[in-house]
Amino acid sequence: MPVCVLLEGAGGAQIPTHLTRIPILLIKNSTDVSNKTVKGKVVRKGPLVLLAADNFILKTVIQEEDSQADASSINVVLMGTLAKDFNQAVNQGDVVVASGFTVGKSPTVHKDKLHPCNLLMSGDNACIYVFRLPPPRDPTSPPAVKRGPAPSTEVSRPPKTQKYTYVGLGDLKTGSVVNVYGVVVFFKQPFRSRGTDFCSSLKITDQSNQKIGCTIFCDKLEDHPKIFKIGDIVRMHRVKTQFFNDSITLVNTFGFSVVTFDGAVGANVEPRTSSLSFHFDREDCRTVEELRSWAARQALIPSGSTTPLSAVQPKAYFDLTCQLLAKAPIDTTCTLLRVWDGTRCPHTLLKVIVEPNVMVGTTSFSIDRENLIANILVYDNHVEFAQQLKPGDFLRIYNLRAIPGSSKVPGLTSCQSVEVDHLAFHLHGGTAFGRGIRVLPENSPDIQELKRTIKAFPEDDELNDSTLLEIWGTPPESLGDVTAENSADSLRASERNCTHDIEPVTLSELKQSNLGRVHHVRAQLRSYKPSRLHQALKLYCSKCTSMQDIPDDELVAHLFSEASKESGPCIPPPWLLSGQIDAPKDNPGSLKRALTVHLSTQLMSENRTKELIFLMGSTLEETRQLVSGYQNIVPVRSSGGHLTLLDLSAPFLFRGRRKYYGCRRCSEPALRELCAEGVELIDETIIAKALGIQLLQYVLLMAFEVQDATDTLEAFLWRDAKTFFGVSPEEVAASQEAENCIHQTMDSLCPPGGSTGERPWLDLCLMASRTEDDGGQKQPCYQICHTAFTKPPSTHSDPEPA
DNA sequence: GATTAGGCTTCG
C-alpha cells in the first residue's frame with residue numbers, strides 16, 4: 001500500500017472502516033495490533049536511508065495530539081517503498097494515521113525517553129494515511145498540485161474543482177473527457193500493441209447496465225489497471241469518449257489514472273494503484289460499496305471464477321490460481337511453467353522432459369510433490385511475460401486450456417507420446433478471452449487461501465538426487481557374491497527412527513522394487529566415500545541447490561594476504577567509525593602491528609562494541625585469534641578507495657570457531673548497515689542478510705556401499721547425516737571433537753583392515769528415487785534417511801538377519 | 001499531444 005493523502009473536510013471516514021484506533025499510550029508488545037491504527041502528528045522525520053538497491057528505511061516520531069506525555073510519542077520505522085513514499089508525501093507537522101504495523105521493543109527508550117515500543121512498518125499491509133487541508137482556491141493554479149516527482153500524484157486540488165465528478169456509464173456523450181466508475185465484466189491483461197505502448201482492453205458496467213468497452217494505452221505496465229478478476233471495480237480519471245462500431249468507448253487521455261478495488265461485498269476497500277498518493281474519500285468508499293452490492297444482485301461476478309487443478313475438466317478453458325515452482329524455455333515460441341495449487345488433478349498429467357540445466361528453480365521434486373505439479377506450456381506472446389516470472393511467484397493464468405491426450409509436445413519422450421490418457425495444459429498464443437498471465441500480490445485474498453492449501457504439504461528435499469549422482473558418478477555395478485562373509489555373526493549398529501511400517505527386504509529385492517518409495521534393509525557397510533572426512537564436508541546453497549567443497553586454508557590465507565596488501569586510502573561508509581587494534585602477535589619477539597577496525601555507529605551508541613567488527617588488513621591466522629574477543633568478525637578490504645568485502649571464496653564471517661561462506665552465484669555482496677535495533681543476538685543470518693549474502697549451509701555428503709547376502713548398492717547419506725551421526729555438519733566443521741566422533745563411527749562400521757564378518761549390521765531406511773545421469777539415462781538413487789547410528793555393545797553379537 | 005485496438009479461443 002502506498003501513502004494515501006486524505007483531504008480534510010471529508011471526515012475521518014476515508015480510512016477503512018474495519019480499522020480501529022488505539023491510543024499510543026496503550027500499546028504494549030503483547031497488544032494485538034491487527035486492524036488497529038494509531039494517529040499522531042509527525043514531530044520528527046528522519047532522513048531517507050538507502051539500505052540496498054531500492055531498499056529504504058526511514059525513522060519518524062509521531063505524537064498523539066492533545067497529549068504531552070513522553071510515552072504518547074512513538075518511534076515509527078518505515079521500510080522499503082513505504083519509507084520512500086513517506087519521505088516524499090509527508091512533512092513534519094502533518095497528522096498521519098498508521099495501519100498494518102507490528103510492535104517491537106524500542107532500543108532507544110533510555111536515550112529518547114519516548115514510548116518503550118516502536119512501530120515497524122513494512123510489507124504490503126503497512127499503510128500511512130496523511131491528513132492535509134486542501135490548499136486555498138487559486139484559479140490560476142493548475143488542476144492538480146503535484147507533490148514530489150511522481151507523475152501520477154494527484155494530491156490536492158482547489159476546493160471547488162478538487163471534487164471529482166463521475167459520469168454514469170449511461171450518460172456518456174461523445175467527444176468529452178470524463179471520470180468514471182465501473183464493474184469489470186471483461187478484461188485482458190496488458191499486452192504489447194503494435195505501437196509504443198502496452199494495451200489493456202476491458203469492458204465495464206454500472207447501475208445503468210450499459211456495457212462500455214475501454215482501451216488503455218500506457219508504456220508502463222504499472223500504470224495499467226490492476227484487474228485480477230471479473231467483478232473488480234475500476235475508477236478511471238480522464239478518459240475520453242469515442243464513437244466506434246455504433247457504441248461509445250473509452251480511451252485514456254492525458255493525466256489518466258486508474259485505481260482498482262476488489263469487487264467482493266464486504267472485502268476491504270483497498271485501492272490497487274501505482275500512484276504514490278491519490279484522492280480517496282468517504283464518497284469513493286460508498287461508490288465502491290454500492291457498485292459491489294449492485295453487482296452482487298445482478299450476479300455479475302461468476303462464483304468460483306478460478307478452477308483448482310482438482311476440478312479441471314478435459315477440453316475446458318479455465319483460469320488457474322497457482323504458485324510457480326520452476327520454469328524452462330522449450331524453444332523461442334514456448335516456455336514450460338511448472339506450477340501447483342496444492343490440489344491434485346484426478347487426470348494423469350502430461351510430463352514434459354527438459355534438460356535440468358535449462359530449468360529455472362528446482363529441477364526435480366519428490367514423487368509426492370511431482371504428483372501435484374501441472375506442466376503448463378505457454379506460447380508466443382506469453383513467452384515474453386513468462387520470462388519475467390520467478391519461481392515462488394503467485395500467478396493467475398487466464399484462459400488456460402486442458403487438452404486431453406495431446407501427443408505432439410516439445411521435449412516429450414517417445415514413450416509418453418503413446419500415452420493417451422493424460423491432460424496437457426496450454427496457454428495458446430493471442431489474447432482472445434483475456435488469455436494471459438498475471439502475478440498476484442501475496443496479500444490478495446485468493447493467495448491467502450492458496451497458501452493455506454499449500455502449507456498442508458511438507459517441504460520437499462532441497463537437494464535433488466541428480467546432484468548426488470553428479471558428485472560421484474554412477475552407482476557401482478554389483479560386486480558379486482558376498483554370501484560367505486554374511487554367515488558370520490555381527491553386531492547391530494544402527495536403528496531406524498522412521499514411522500514407516502514395512503518389512504525389511506534384501507538388497508536384491510530392493511533393486512527390483514519400485515522407485516519413489518522407502519524401503520527397510522539390513523546390510524553391512526562394505527566401503528564408503530570419501531575416505532577422508534574433510535572431503536565429505538561440503539557447502540550447500542539452498543537457493544541454487546549447488547554444492548561445493550570448502551575452500552582450503554591455503555587459498556583462504558592467500559586471499560587474506562592479498563586483501564591486506566591493498567591499503568590505499570579508503571572511505572568507510574558514514575555508518576561506520578574507524579579505529580585501530582593491536583594485531584595478535586605471532587610470537588613473543590615479533591613486532592607490534594596495528595589493524596584497522598570499523599564499528600557500526602549504532603552498535604557503538606548502544607555499547608555493543610564487541611558484537612560486530614569489520615576487520616581490515618589481518619591475516620587469516622590473526623583473524624582466527626581475534627574471534628575470542630569479538631562475537632562477529634567480518635573481514636573487509638580497501639578496493640578502489642572503498643571498503644568492500646573479501647572475495648566470497650573466503651569466509652565472509654568469523655563467529656567463534658565457526659566460519660561462514662556465501663554463495664558466489666546467489667549473493668549480491670555489499671557493505672550495508674545492519675539494522676540491529678531490537679535484535680538481541682546478531683548472528684550469521686542477520687549479517688548475511690544485511691550484506692546481501694546467500695548463506696551457504698554446511699552439509700555432510702557420503703556414499704555408503706552397503707551389502708547383504710544378495711547384493712550390494714550405493715546409498716547416499718546427506719540430508720539425515722545429522723540424525724545418523726548425532727552431530728551437525730556445522731559442528732563438524734568447527735570442532736575437532738565432533739570430527740572425531742564421526743571418525744569413530746566410521747571406524748566401528750568399517751574397521752580398517754577388518755574382515756566383513758566383524759562389521760556390524762545396519763538397519764537402514766532407504767529412499768529410492770529415480771534420477772537422470774548426464775547422458776539422460778534413468779538411474780536409481782538411494783538415500784539413507786531416518787536412521788541413527790547406535791554404538792554396538794562390544795560383547796554382544798547378533799545373529800545374521802534372515 | 002502520433003501510434004497502438006476496437007474482446008470472441010484452438011499450430012503447439
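Basis for what follows: all heavy atoms, side chains included, without hydrogens, waters or symmetry-related copies. Per chain, numbering begins at 1; letters A, B, ... match sequence-line order. From a predicted model like this one, the values you see are computed outputs, not experimental measurements.
Not less than 6.0 angstrom separates the ring centroid of H237(A) from the ring centroid of F256(A).
For the C1' atom pair drawn from dG6(B) and dT10(B), the interatomic distance equals 22 Å after rounding to whole Å.
A salt bridge does not link R292(A) to D262(A): none of the charged side-chain nitrogens sits closer than 4.0 Å to a carboxylate oxygen. Salt bridge status for E370(A) with K351(A): absent, with no side-chain N to carboxylate O gap under 4.0 Å. Contact check on K220(A) versus D197(A) returns no salt bridge, with no Lys/Arg side-chain nitrogen under 4.0 Å from an Asp/Glu carboxylate oxygen.
Put simply, the side chain of R238(A) gets close to the backbone of G255(A): a donor and an acceptor are under 3.5 Å apart. Counting only distance, with no hydrogens or angles, the side chain of D319(A) and the backbone of N399(A) share a donor-acceptor pair below 3.5 Å. The main-chain N or O of G430(A) is found under 3.5 Å from a side-chain atom of N381(A) such that the two form a donor-acceptor pair. Panel note: side chain D223(A), backbone C218(A); no donor-acceptor pair is recorded below 3.5 Å.
In this structure, CG of L400(A) is placed 15 Å from P of dT10(B), rounded to the nearest angstrom. What separates CG of D331(A) from P of dC11(B) is a distance of 15 Å, to the nearest Å. Rounding to whole angstrom units, CD1 of residue I330(A) and C1' of dC11(B) are separated by 16 Å.
At a non-hydrogen distance threshold of 4.0 Å, nothing from residues 169-178 of chain A comes into contact with DNA chain B.
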So if I define the base as every atom that isn't primed, P, OP1 or OP2, how would nucleotides 2-9 of chain B read as a B/S/- string at a heavy-atom cutoff under 4.0 Å?
-BBBBBSB

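T333(A) comes within contact range of at least one nucleobase, with a heavy-atom separation under 4.0 Å.
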